[in-house]
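First comes the structure, then the notes that go with it.
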Protein chains: 2
Amino acid sequence: MVKTLDDNAMPPLIDHVGWRLWRLARQWKTEFDTAMAARGHGWMAEARGAVVGHLRPGGMSQSALPSAMGISKQAVQQLVDELVAEGIVERIPDPTDGRGRIVRLLPRGKQAIADGNEVKLEIEARYADRIGAGRLAALNAALDVLAEGT
Amino acid sequence: MVKTLDDNAMPPLIDHVGWRLWRLARQWKTEFDTAMAARGHGWMAEARGAVVGHLRPGGMSQSALPSAMGISKQAVQQLVDELVAEGIVERIPDPTDGRGRIVRLLPRGKQAIADGNEVKLEIEARYADRIGAGRLAALNAALDVLAEGT
DNA sequence: GGGTATCGTCAAGTAACTTGACTATACTGG
DNA sequence: CCAGTATAGTCAAGTTACTTGACGATACCC
């Protein structure tokens, strides 16, 4: 019984939708991060970048971020602390709730969001060039339908 | 100038391919991890699960793992240490290289891979039910083409 | 107006890495 | 065949991105 040969004849553990999704998602993020770093927003690649990505430009209650981002409120606290220290956002009291704080974008943060939107459009345009606008739309639709399920 | 209103009228930062890819990739992983946990392989959800996912059932040189997984050799070392401690893999000397070690799956590890392959097929089957085999094939093809480019 | 829930914060712990330093073994050119 | 250099694995320590727990202050509900 040539067990080792049989073993090695097994398919690679890599040929499935899940792996393909991860690969392209990682690649997309690398492209995004590289382009953002080139525009001076290298910090967007780190965890605090995700906070800015979830922020409405008009500002947002800090308490809304944990559920939106899927992390704990203490994690949000720490990330916002860093963004405040770097002058990307500020924390102001919530006029409608004595306990709450509003996280508001400073100019540097607003610029990052504007540049981020541009970069996303550029990447999407490159994708459309490669597979065609129709197939890209079909891809987006399929991703949406599959995500709905669970 | 009603700046705040304009700000809030901006599109959500969430409506782009990159976000859709991340969302479905995360969801796929959650489905996979849940199914694996139900089969007694809860540890597959953690970092050391990725090592087993990259291992050929016949065994593999430890030195090949860092580049395959995209992490440092020291990180691989630590993860393999954990797997050895849990009786999932063993480290044996490489007969062809006095410096090297072969990381070889023990029965528990082989079972995890077998179960993992089953679970992947189940998830893929559910995907096919939802969008049809043809659209799923088109999705896979699109993901492959886009990943090629870098 | 008292009980309970929520908001933000401080503190400490953990997972999953990283970089740096080191030893043992292998390969390579003269 | 042997000095020089590269590679495999290991040990130690540091960093990042979280986590859970505890707590005071404010808000909400009956």
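Chain letters run A, B, ... following the sequence lines, proteins first, then strands; residues in each count from 1.
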Sugar-phosphate only, base, or nothing, as touched by B:Ser72 at under 4.0 Å among non-hydrogen atoms: base

Whole angstrom value for the distance that separates P of D:dT15 from CG of A:Leu79: 18 Å

A:Trp22-A:His16 aromatic ring centre distance below 6.0 Å: no

Heavy-atom pair of closest approach, residues A:Leu105 and A:Pro57: CD1-CA, 3.5 Å

Sugar-phosphate, base or nothing in reach of A:Gln62, heavy atoms under 4.0 Å: sugar-phosphate

side-chain N/O B:Ser63 vs D:dG9 OP1/OP2, d < 4.0 Å: yes

Donor-acceptor pair under 3.5 Å, B:Gln74 side chain vs C:dG20 base: yes

A:Asp144/B:Arg23 ion pair, N-O < 4.0 Å: yes

Phosphate contact (C:dT9 OP1 or OP2) by A:Arg101 side-chain N/O below 4.0 Å: yes

Nucleic acid contacts of residues 34-47 of chain B, taken as heavy-atom distances under 4.0 Å to DNA chain D: none

Between P of C:dT9 and CG of A:Leu65, the distance in whole Å: 12 Å

Separation of C:dC17 C1' from B:Met69 CE (nearest whole Å): 11 Å

Carboxylate-amine/guanidinium proximity below 4.0 Å for A:Lys29 and A:Glu46: no

Charged N-O contact under 4.0 Å between A:Asp81 and A:Arg48: no

Interatomic spacing from CG in B:Asp115 to NZ in B:Lys110 - rounded to 0.5 Å: 14.5 Å

B:Lys73 NZ to D:dA12 P, straight-line distance once rounded to whole Å: 16 Å

A:Glu148 bridged to B:Arg130 by N-O distance under 4.0 Å: no

Gap between atoms CZ and P, on A:Arg48 and D:dT15 respectively (whole Å): 15 Å

Stretch residues 86-95 of chain B: residues that reach within less than 4.0 Å of DNA chain D through a heavy atom: B:Arg91

Between P of C:dA15 and CD of B:Glu82, the distance in whole Å: 8 Å

Salt bridge flag under 4.0 Å for residues A:Arg126 and A:Glu31: yes

Nearest listed nucleotide, side chain of A:Gln78, among C:dA11, D:dG9, C:dT18: C:dA11

Side-chain donor/acceptor of A:Gln77 to base of C:dC10, under 3.5 Å: no

Interatomic distance where CD1 belongs to A:Ile71 and C1' belongs to D:dT16 [whole Å]: 13 Å

A:Val76 vs A:Thr96, nearer the 5' end of DNA chain D by closest nucleotide: A:Val76

Selected nucleotide, minimal atom distance to B:Arg99 side chain, candidates D:dA6, C:dG8, C:dT18: D:dA6

Carboxylate-amine/guanidinium contact A:Glu86 A:Arg108, below 4.0 Å: no

Single hit among A:Leu21, A:Leu146, A:Leu143, A:Leu139 for side-chain contact (heavy atoms from CB on, under 4.5 Å) with B:Arg20: A:Leu143

